[in-house]
Each structure stands twice: as C-alpha cells, then as structure tokens.
Amino acid sequence: MTEPVPSSPDQPSQIQALPPGTSLRIRRPGGETWEGWLLPRESSSDPEVVHVKLRSGYNVGLRLVPGSEVEVRPGPLWGRTGEPGEAQPGGELPRAGGGPPITLLTTGGTIASRVDYESGGVKPVRDVSGIAGSYPGLLEGGPVAVRSVLDMLSEDIGPREWELLAQEVSQSFHAGARGVVVSHGTDTLAYTAAALQFQLPFLPGPVVLVGAQRSIDRPSSDGVSNLLGATRVAREADLGEVVVVMHAGLGDGPLAIHRATRVRKMHATRRDAFRSLNESPLGGLEGTSGPIRLRPDAKPRSSEPMEIRTGFSPDAALAWVHPGLSLARLERYTQGVRGVVLAATGMGHVPVPLLEWIQRSVREGMFVGVTTQCLEGMVDPYVYVRGRELQRSGATFLGDLSPETAYVKLSWLLHRTSDPELLSRRMAENLAGEISPRREVHEIPESGAP
Amino acid sequence: MKVGLEVHQQLSVGKLFCSCSGELAEEVTGEFVRRLYATQGETGATDPAARAQASRNLRYRYQTTPNSCLVEADEEPPHSLNPDALAVALTLAEMLGSEVVDQLWVMRKTVVDGSNTSGFQRTALVAIGGKITVKGRTVGISSICLEEDACRKIGEGDAETTYRLDRLGIPLLEIATEPDIRSGTEAHDVAEAIGNLLRATHRVKRGIGSIREDLNVSADGGSRVEIKGVQELRLISRYVDHEVARQDELLRIRDALRERGARVPDGPSVDLSPLLRETSSRLVGDVLRHGGTVRGICLPGFGGLLGESKVPGERLGREMADHARARGVKGILHSDELPGYGVSAEETARIREALGARPAEDAFVLAASRDVHHADEALHAVAERARAALQEVPEETRDPLPDGRTRFSRPLPGRHRMYPETDVPAIPIPGTLREEVRRQLPEAPQVVQERLESTHHLNPEMARQILRADMVEAFEALIRKGLPVTLVARVLTQDLPQIESEAKRPLPEGNAPLVHWLEPALRAVEAGRFAKEGLSLVLRRQLLHGEDVETALKAVGLAPAPGDDLAQIVEEVLEANAPLIRDRGSSALSPLMGDVMARVRGKVDGRTVAALLKERLDRRLASSGPEEVPGA
C-alpha cells in the first residue's frame, strides 16, 4: 500500500502523475473545497482536467485553473480502504451441489466485465473467481470447472479461436464433464456456435454458448439467468448438439435454446436478440426451475467416440448484394478467394452485371453460393427469370441456410476439399441441422421459446 | 436539532436519456417481469443495503407505456444527456452561487428495490456550494445533482412489485442543503424558497408528485435519519418535529434500558409452536394450521419499554416490527401487548416460562410465519434493533406516512453504491455554456414578489400564490392587455386552483397558452356579459369540453335570453322582498334564492344565481347601513 507524502503539486501534469486513488483536496481561486481521490486519467480527456472521486461517491472533472491549490493527503489509496462491509472478491468459493460436473469455458465478453477507467468503457474480468463471485447460484447444481480459454471481445474471435475452443470442448468431455458451457460476447456468438457444431459432429453432451446483452456489472444483467440456465442445460439436457441459451423475451423468466447453425443475433441491444431462423427454437426452459423442453428432433447425447474436425480455410468470403453493387467492387473484394457466399436479394437474385462474372468465376473453379438477405425463408431459382439465369451461371442455391452459417460452413468445407462438385453438393445438403426442406406455417416468432 | 433538505424537482424538458415525453400515462401497452442482483462495485465491494434487498429474491413486473421506449425497459443504452435539463441545472447553480464541475460524470447509484429497471439510478453531480437566504437566515447548499426519476409504483405483493415505466427517466434536479436548518418551520420555508427558484426557470413540472423532498433530521444527541419522498410542503415541519420527538424518545428509552442493565442475548430463537396449538389468536392459529411456526426471543430488562411511549405512535415495539417486516413477516407480537390479540393470559405465562423471561422485568417478542426461515430472520432483525436501542438512534432511511409519522424502510446506503455509467462518456461543461446560462438567468423570485406588491398593489399572499403557481408572466400579460388587476388576480389565485382540482385536468401548460385561453372569458366579464362569480363555471366548462367562451356560456346557462337578464331578475326579486331583507339580513338569501330560481331554472346555473344573488344582497345590506340591519 502506497502512502503518499503530503505535498502541494500545482501543475495538472504533476497531479496526473500521482498514483490513481491518491487522496486529494482541491480548491480553486475563491471556490469550494473538493475532497476525494484521484481517478486514472481517461486517455482521450483534456489534460488540464483532473478527475476525482468525491467522498460522496460521485466522480467529477475539475479544471485546474492557475492559482488552484491542491493538497495531497496522507492515507490509503482509494479502493483499498478496508472499510467494514467492503467484502473483497475472491476467497473461498461456495461448496458445489451434488450434481454431475460441467465445464465453463470463458472467452471474455459481457458475461464478465467491469468498468475500465482508462478507456471509459467496460472491459472483461480476467480472474475466474471474479466470474463465480458474480453468479451466486452457479455451483448449486454441481461442480463447475472454470477455464479461462480466451480473453477477447467477440468481434476479435475468428477461425483460429474456433479451433482452440473445439479442442477445449473435446478435452473437457474427455476429462469427464457432463456438458460444456462457453461464455462468449454476443456479437459473433452465433458464428462461433456454428463453427463448433461443424467441427464436433458427435457430442456426448450439450455444448452451450451463452452471453449477456447487459453487462454483469449491472444489477439488471441478463447474464445471471442466462448463465444459470445454460449450466442447467449443459448438465441436465439429453442433448448432443451445440446450442445457444439466451433470454426468450424481455423478462427474466423463459430462456430459449437455439440450434447453433440456425441462431442469429437479430437485435443490437435487446435481451431477446437471439432468434432461430426458419424454425422454432430447439427448446426452452423457465430459468432456474421447471423442466427443460426440447423439440423431438433434438439430437440426444451421442455414444459415438468423439471426433474433432478442426480446420477453416481463409479463402472464403461473404458478400452482401445491394443495388448499385458494381462488378469491379465485388471482384476486388473476392480477389484470391476460392468461394463466396452471396447474401442475395429476395429469393436469391443479383443485378445483371454480376451474372457474367459469376459464370466466369465458377468456370475458373470458384464456388458461388446463394442465400437470402431476407434471412427468413429460402432461396428458389425457378420463380423468376433472374433466378434461373443465376443458376445457369453456375451458382449454387443454398435453400434456407443463413448467410453467416453458409460462410462458416464454406470456410470449413474449403479446408477439406478442393473438388468444386463435391463442395457444391455438400454446401447444399444438410450436415448439422443448418438446412431444412420444410418450414412450418406458424408466423415468424417475435421471440420466445416453443 | 440539525436538518438538511434534498429537494427533488421534475423538469418539464422531456426525459433525461431518451426522446420520450415526460407526461405520465394511464395507457399500459405491455409488461415484463425481471429480477435484480447485487453486483460488485468498482472496488469489488457490494453495498450492504443492495445486498440485503437482492437477497429477498423479489420479482418486479414492469408496465410499458406510450411514453417509454427501449431505454426505460433497459433494453437499449441511454442516449446522450438532455441538454435542456443540464441548462436548468446550470441555471440553478448560478442562482444559488454554486461552483460547477468542468466535466460531468454520470454515475449509477445502485437501487435494487426494482424502481429502476437497470437496478440503478443515473445521477450526476453538477455543482457544490452556494447558499440561499430565507427570512434573514442563510442556509448552505451542499450539492446540485441531475438525476433520472424512478418508475411509478403501481402495486406491491409479497413476492412481486408492479411498476410503470412512464415516470422512469424524467429529469430530476436534486438540490441538497447543508444541515444548517434549525426548526421544522424553517425547513418548510427553505423548501418553499428553493421551489420558487426552480419555478422561476419555467422548465419545471407542476402538480402533486412533481416536487419531492427528502429530510435529513438529527435531534441533539440523535443520528442522521433520512425521511424520503415527502410530497406535501405543508407537512414538512410536521415530519421534522415528529422525527426530533421520536429520536428524543428513543434516547430516553435507551437511558432507561441502560439504567436497568438491559441486554440482548446472542442465542437462537425458540420454537413456541407446541405451546400455541390451541390458541384463539387468529394470526398465530392461521400460521400454524398452514404448517408454519411461531418462534420467540427474550429481551432481558426490556419489560414495559416496548409498548410505552411519551410520543404517540412511536414505541420501540413498532420500530422492531418495522424491521421484522422488512425480513418478510407480517408483524410481531411482544410482551407489552400480551395477553391480547387472542393470546390468553395462560398462554402468555407459558411463553414467558419457555423463554425464561422474568415477569414484568423482561420482555419477549414473537414472530409467526409459514416459512420457518422468515420467523427466525425476523427475530434476528428484532434482536439487532434491540441491540441498537442500547447504543443510539440508528441511522436509516424512513418512509413518510400520511399522518405525519414515518416508518423504517432500509439502512442508509454507503458510497459503494456509486458506479460510473460506462455507457455515457463524461460531458464537458465549457465556459461558453455557463456564460450563456448567465446571460439568460431568470429574475430572482424575491424581486418578482416585490414588483407584484409594489407595482400592482397585490397583497403579499396573492403575490406569493401567483409566484408559486408560476403564473407571473400570465398575470403581467393580462394586465398589459388592459384587464383589471383584481379580476386577473382573482382568476389566477382563486378560480384556477379550484377548476384544476375539480376538473382533474391540467390547465394549458405555459404562460402564453394560459393567457390565450383565459382572455376571452375575462373580456366577457369586463363587458358585463356575466358576473365574475361565474368565471370558474365557464372556465371549467371550457377546459373540460374545449369550447369557446360563447358556447360555454350557453352550455352553463349564463347566456342571457332576451328579456331574461339574470341581474334584472335578481334586482326585481330583491326589490319585491325588501321587508324580508330588512327583517332577516343576510339569512334572507335562501328564500330569495327560491324566488329567483323559480324564474330562471334551466337557464341559469344555481351556483351562478347564488353567487350573483349574494353579491347583490350584500351590496344592498352594506348600503343600507348597520343600524337598519337587526343582528348585524
């Protein structure tokens, strides 16, 4: 613990150089006395402004005009005052319940994050006990082995991490886990989920990806009930698939279980952002109690030996078709790729200048897959002329496969084959629940478990 | 005594962190149910008050309204802070001579009673210091904060509370004074003066609930107790005086307990259910029949001091009951009220024996609950309160009750409940903005009050009323239009408050719309179309039905039919009844009323007739001189 010697620095830069948490008393000419502790300087803020946590708990920024008096006060740094009632995190974890063990793999993201004064935003918590400390009921159902695999924002997670996670999942099951939970930032959670499913065709238990739309440093975080629900699914459900468990609505009750290859983040901020496209969710549960419901076609826990099929090709691309998209731009974007998924308009259409390019590219060995940017519904080459032209150019129509899952699948398949015909066939057939020949009549669900 | 105030005023500038309207709504568009969890603060510590609340595992049902969006639902981050709200805060800082921060930090103040969907209230400290002088005494200002208002509580059950999102996010300006106030009356005066300053900005909401005060009171030798959310100005002095009396009484009880050597044992509570199987107490019997339990603890030396008090309604037993209720039981029974509530003398004696409580000298407390855990926890809370009674008055937050008393709500929260709002970057307050605020500073209320009194010869009370209702501009505009001061003052101070409360509908908001709305009716009175006593009737009709003055006059029967002029009829009746008037003076009103109504029934409203008749009768009586009026 540092105990700064009382002194009277008068330059803002001198004060900024003091250790954050230093006790200060500031008085500007003719003004009031401000007492509190120095906060770390935000990297982007005005250098003349000193940020102080007042004794009342409020933070303020004060400009040190010439003639200001600053007194550095003796005493412990803020945050280490050891006041009564100030329970520090860490220490003994509560004893686990008697259920079978599961593993929690953490990757960073909102499910465990806290204020970061230097950037002003929230940043992930690194320590494992910090996570368990935030989720009071986490161990009630049985032991949870927590492994911090990554510490990344989800927008930085890509194919290399997908492979690492697949290996970690595989090891966890080998080590006796009954199920595996992966906490993950929500932005690209659906991509990772699909990637894990393609790599792990036979699963002895559920692999449950989970996140939070409100960070865990908020009392209203959805992360608590999402994670507790995810651990229940991992431990209790007879499920041999990769799934995503998140809020089914705005309330903290019902959770939806989504199939990894069907799920998509459909809202930037809402708790019920995750939805299954082209099918109802695979299942659902009422949070911490009640049965876990699954659709009859959910794959049960597999007794096959686990197999792990890692590997993703960097030569896949995903392109969004839009009015005014020029051939030149698309060519530049797809330079050097071996396959591209087009998020085409409607039932799978592109502007006419693209047709010739597609024909040429396919002839030269490139894969061109067609999905719909409507996200819900399937592509169909036969209804309109443009569809037929597109199909004649050699593009492969991918049914109701979502653009993102199609991209992950393409990257994964490109790693395994360079035979265009085989690639085309595999892309269009169902490998992991990602394509279905039928879509039920019920309207597109707003949200909600089945 | 020491008293500090926190005045919370709703601003009428929309919401603080989104584009929703700040008007409350009766229409509910949907609902959702949430829970809240205690989170770790910046340093990893958890606020004890927040932890206690979260451990109760309550559910919160939120009703969405047309004036709530994803921000209030906590489904979208806050947008940038409303600049108009900040301008009002800076205006107040200038008027009070406070020192403004250079960068505003929005903080999250943890509040896990569900009243905020996020589990925290967003709040920012704008300024510290400054002062206000009231009746020659100067009271220091400790801080000015800008915060968001909480949800409106709609209902409360055992495990679930229902809130409506319409109020959530309305900007509140919080002005806190130093504990410089020395009496209940002074607290009232300071609150009123701060309210006047706020209204001078013309950017504040009016009506019940739009301004709320927290009172921080400590008696000499007592402790700081916060009475939260007083809505009526006139009750402030009562709450303050009562709180001081309560603290004095608790200190007197403490001294008595110490003298007797009272103590609070550490042991667990005792199961008394077997002793009360046959009881005729409804409360206890109900609990036991449903598989519940009755437990008790002994408080040696407390005998007689739980139920006795020199301050009506403030007993130590009640304090204990309030703490027990906060742990989920309906209430407690204590020895000073037993035998009673269906518990017999014989049962009381058996309980005493089972708990080892000496007759008279010792007290005991019982808690009954269907949940065994709750009864034990409630008694734990009772023991804690008993222990505190031996030390000092506990620092706590209390809720005001309509009768002037207060009730324990929770311990005072600490500063660990403050956490920076990471979704809103710190907001610079440049010197140029403060310059602009300074240039547009409203007139000080004292100056306006003096002007109303000197220029328009209003009496101080009327001037105060116009000022308090934020209608100075309307008043002066109507005078400038050539309407007489007495008529305008009357309509603003008498008719409008009556109309607003009777019609239960807001008056046109803002001074210009108000002037526009009032002028035709006032002109009609000036032109002799109807008596000023009819004003409230006509204006109420206009407010409720949106009619113009002519239509309203016809609707209420004040439009004169040819040859049927009301004043004419009244004069005729008065003339015809001169002897009656001479004999009975002002009590002739009622028979005269009958005569007039017989001629105008259906055409003119009775109240208008009564008002006009009374005025003309009074005039006649006054002009006839006192000696001619028997009994005068």
Side-chain angles (χ1 to χ4, degrees), chain A residues 28 31-34 39 42 44-46 48-49 51 53-63 78-81 83 85-90 114-117 120-122 130 133-136 213-222 224-225 249-253 267-272, chain B residues 30-48 50-51 54 59 61-62 70 73-77 98-99 101-105 107-112 116-120 123-125 128-130 143 145 414-420 422-423 425-426 428-429:
Chain A
R28 286 151 343 146
E32 303 284 334
T33 304
W34 304 78
L39 289 172
E42 255 187 67
S44 61
S45 72
D46 185 338
E48 301 285 304
V49 174
H51 293 276
K53 170 163 287 287
L54 302 181
R55 294 193 175 277
S56 58
Y58 279 98
N59 296 5
V60 294
L62 301 173
R63 181 175 302 277
W78 171 66
R80 311 204 184 117
T81 48
E83 283 171 29
E86 203 176 334
Q88 295 294 333
R114 194 178 288 168
V115 59
D116 172 21
Y117 271 110
V122 290
S134 294
Y135 298 88
Q213 288 283 84
R214 294 285 92 75
S215 61
I216 190 60
D217 59 357
R218 305 160 71 101
S220 61
S221 175
D222 54 330
V224 178
S225 66
L250 299 190
D252 283 329
H267 198 281
T269 61
R270 281 170 68 125
R271 286 165 171 75
D272 57 357
Chain B
E31 60 175 34
F32 54 89
V33 177
R34 293 258 177 81
R35 291 178 185 283
L36 292 174
Y37 307 90
T39 53
Q40 296 172 357
E42 299 163 285
T43 59
T46 323
D47 184 63
R51 207 166 36 216
R59 282 180 314 182
R61 185 173 295 274
Y62 296 102
L70 287 183
D74 191 43
E75 292 290 353
E76 189 171 288
S98 310
E99 185 175 336
V101 303
D102 295 287
Q103 284 223 18
L104 193 74
W105 280 70
M107 305 296 291
R108 301 170 174 176
K109 191 194 282 181
T110 306
V111 183
V112 291
N116 293 64
T117 45
S118 55
F120 49 75
T123 171
L125 184 121
I128 65 169
S143 64
C145 294
R415 69 164 174 274
H416 296 298
R417 68 204 287 233
M418 288 291 209
Y419 190 86
T422 51
D423 297 339
I429 301 182

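The structure displayed is predicted, hence computed values, not measured ones. Below, read A as the first sequence line, B as the second, and so on, with proteins coming before strands; counting in each chain starts at 1.
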Revision key, fill the gap. Pair count under 4.5 Å, heavy atoms only, with chain B: among A/Leu62, A/Asp222, A/Val224, highest is A/Val224
**Study point:** Top contributor to chain B contacts, counting heavy-atom pairs under 4.5 Å, from A/Gly251, A/Pro219, A/Gly61
**Key:** A/Pro219
Review point. With side chains defined as the heavy atoms from C-beta onward, is the minimum distance between B/Met418 and B/Thr110 less than 4.5 Å?
Key: no
Check your understanding: With side chains defined as the heavy atoms from C-beta onward, is the minimum distance between B/Tyr62 and B/Arg34 less than 4.5 Å?
Key -> yes
Review point. Is there side-chain contact between A/Arg63 and B/Gln103, with heavy atoms separated by less than 4.5 Å?
Key: no
Check your understanding: Who pairs with A/Ser225 by side chain to side chain donor-acceptor pair (under 3.5 Å), at least two apart in sequence or on another chain?
Key -> none
**Study point:** Top contributor to chain A interface from B/Val111, B/Val33, B/Ile128 [non-hydrogen pairs under 4.5 Å]
**Key:** B/Ile128
Review point. Contact part of A/Val49 toward chain B, heavy-atom cut-off under 4.5 Å: side chain, backbone, both or neither?
Key: side chain
Point to revise | Top contributor to chain A interface from B/Thr123, B/Ile429, B/Asn116, B/Asp102 [non-hydrogen pairs under 4.5 Å] | key: B/Asp102
**Study point:** side chain to side chain donor-acceptor pair (under 3.5 Å) against B/Ser98, all qualifying residues, sequence neighbours excluded
**Key:** none
Revision key, fill the gap. Interface check, chain A: of B/Thr117, B/Asp74, B/Val101, B/Leu125, most non-hydrogen pairs under 4.5 Å belong to B/Asp74
